[in-house]
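To start, the structure under review is shown below, and the notes come after it.
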Amino acid sequence: MMPEIPEMPETTEKPETTEIQEITDIAKKAADKAPAPFTNLVFIISGPSGAGKGTLCQELLRADKNLALSVSATTRAPRPGERYGREYYFYTQEEFDAARRAEGFLEWAEVHGRCYGTLKKEVEKILASGKDCLLEIDVQGGLRVRQALGRNCVTIFVDVPDNKELIRRIVRRNQENEEEIRSRMATADWERTRKGQYRYVVINNRLRDAVEETRKIIKKAREEYASAIN
Ligand code: 5GP
């Protein structure tokens, strides 16, 4: 008699399978058409606010034309110098809720009391153009996308050497009031508890070194992916 196969334990986070299927189909179609070195991977960069993810991503994008950033939607107000469609699509709460209802997000999460979401259209556009997609999103969103995309995505957690450095950077940025700084520190502590679920951890002590290390991770992931599908 065949032994009974035990049931898989229920996970708390379930991928939205139909939405993800659409994205992976687009990725596969684009990968079929695209010559090497296009691999249609999704790179997820997460980590505490103040760890320098934004600058790191800008540096990666500047030197890598096969990589494009998916611009998210958010209900938070623009900071000085931020432009609609460049840093974020700044939505009202009503616009965000409408996009959610219309299933426009690959994932969304509430961070520091504001809503942030990865727009399906952005990711589709990037993958369909044959490029790899860069998502700079929080841990909740990062793990959701990872669970859904599996080997198509590479998770990278960016951190700073210690909390003192984090506080220094957030205060230096001078864009948040005391309450918001506290909230960002609490979120940072929580995010660090999920660090082990990321495939790579990059400590951003010196930006130049962190960029170099992340570039190596991207290169290695592309090579691994290319040899796995060939
Ligand atoms: P900030 O307000 O400092 O630009 O971003 C706050 C946090 O929201 C950061 O950790 C950032 O990575 C995250 N974030 C930005 N866009 C998204 C998104 O589309 N989805 C999720 N889950 N988090 C996001």
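All values derive from a computational prediction rather than experimental measurement. We use all heavy atoms of the structure for the numbers below, so side chains are in, but hydrogens, waters and symmetry mates are not. For ligands, and for the atoms within them, numbers begin at 1 and follow the listed sequence.
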Honestly, for Arg184 the part within reach of ligand 1 (heavy atoms, under 4.0 Å) is side chain
Carboxylate-amine/guanidinium proximity below 4.0 Å for Arg192 and Asp159: yes
Below 4.0 Å from any atom of ligand 1, is there a heavy atom belonging to Arg114? no
Does any N/O atom on Gly117 come nearer than 3.5 Å to any N/O atom on ligand 1? yes
Is Gln140 touching ligand 1 with its side chain, its backbone, both, or neither, if touching means heavy atoms under 4.0 Å apart? neither
Counting heavy atoms only, which of Tyr88, Phe105, Trp108, Tyr89 is nearest atom 1 (P) of ligand 1? Tyr88
Are Tyr84 and Tyr89 near enough that their ring centres are under 6.0 Å apart? yes
Just by modelled atom types, is the Glu179 backbone N or O under 3.5 Å from a matching donor or acceptor in the Ser183 side chain? no
If you measure every N/O of Ser49 against every N/O of ligand 1, is any gap under 3.5 Å? no
Hey, is the main chain of Asn40 close enough, under 3.5 Å, to the side chain of Asp132 for a donor-acceptor pair? yes
With heavy-atom distances below 4.0 Å as the criterion, list the atoms of ligand 1 near Ala109. 22 (N)
One residue to check: Glu82. Relative to ligand 1, which of side chain, backbone, both or neither has a non-hydrogen atom less than 4.0 Å away? neither
Checking Asn204 side chain against Ala51 main chain: does a donor-acceptor pair fall under 3.5 Å? yes
How does Glu87 reach ligand 1, by side chain, by backbone, by both or by neither, if only non-hydrogen atoms under 4.0 Å count? neither
Looking at Arg169 and Glu165, is any side-chain nitrogen of the basic one under 4.0 Å from a carboxylate oxygen of the acidic one? yes
Is it the case that ligand 1 has an N or O less than 3.5 angstrom from some N or O of His112? no
Passing candidate, side chain to side chain contact (heavy atoms under 4.5 Å, CB included) with Leu135, options Val123, Ile45, Leu69: Val123
Should Glu191 be listed as contacting ligand 1, given a heavy-atom distance under 4.0 Å as the test? no
Number the atoms of ligand 1 from 1 as they appear, then name those within less than 4.0 Å of a heavy atom of Glu107, with their elements. 18 (C), 19 (O), 20 (N), 21 (C), 22 (N)
Under 4.0 Å to a heavy atom of Lys53 - the qualifying atoms of ligand 1, by number: 9 (C), 10 (O), 11 (C), 12 (O)
Counting from 1 in the order shown, the ligand 1 atoms closer than 4.0 Å to a non-hydrogen atom of Gly141 are 22 (N)
Under 3.5 Å, side chain of Glu191 to main-chain N/O of Val139, donor-acceptor pair present? yes
Could Glu212 and Arg215 be called an ion pair, given the rule that one side-chain N must be under 4.0 Å from one carboxylate O? yes
Proximal ligand 1 atoms for Arg76, defined as those under 4.0 Å from one of its heavy atoms: 1 (P), 2 (O), 4 (O)
Contact between Glu82 and Phe90 at the side-chain level, heavy atoms closer than 4.5 Å - yes or no? yes
Between Thr118 and ligand 1, which residue portion shows a heavy-atom distance shorter than 4.0 Å: side chain, backbone, both, or neither? both
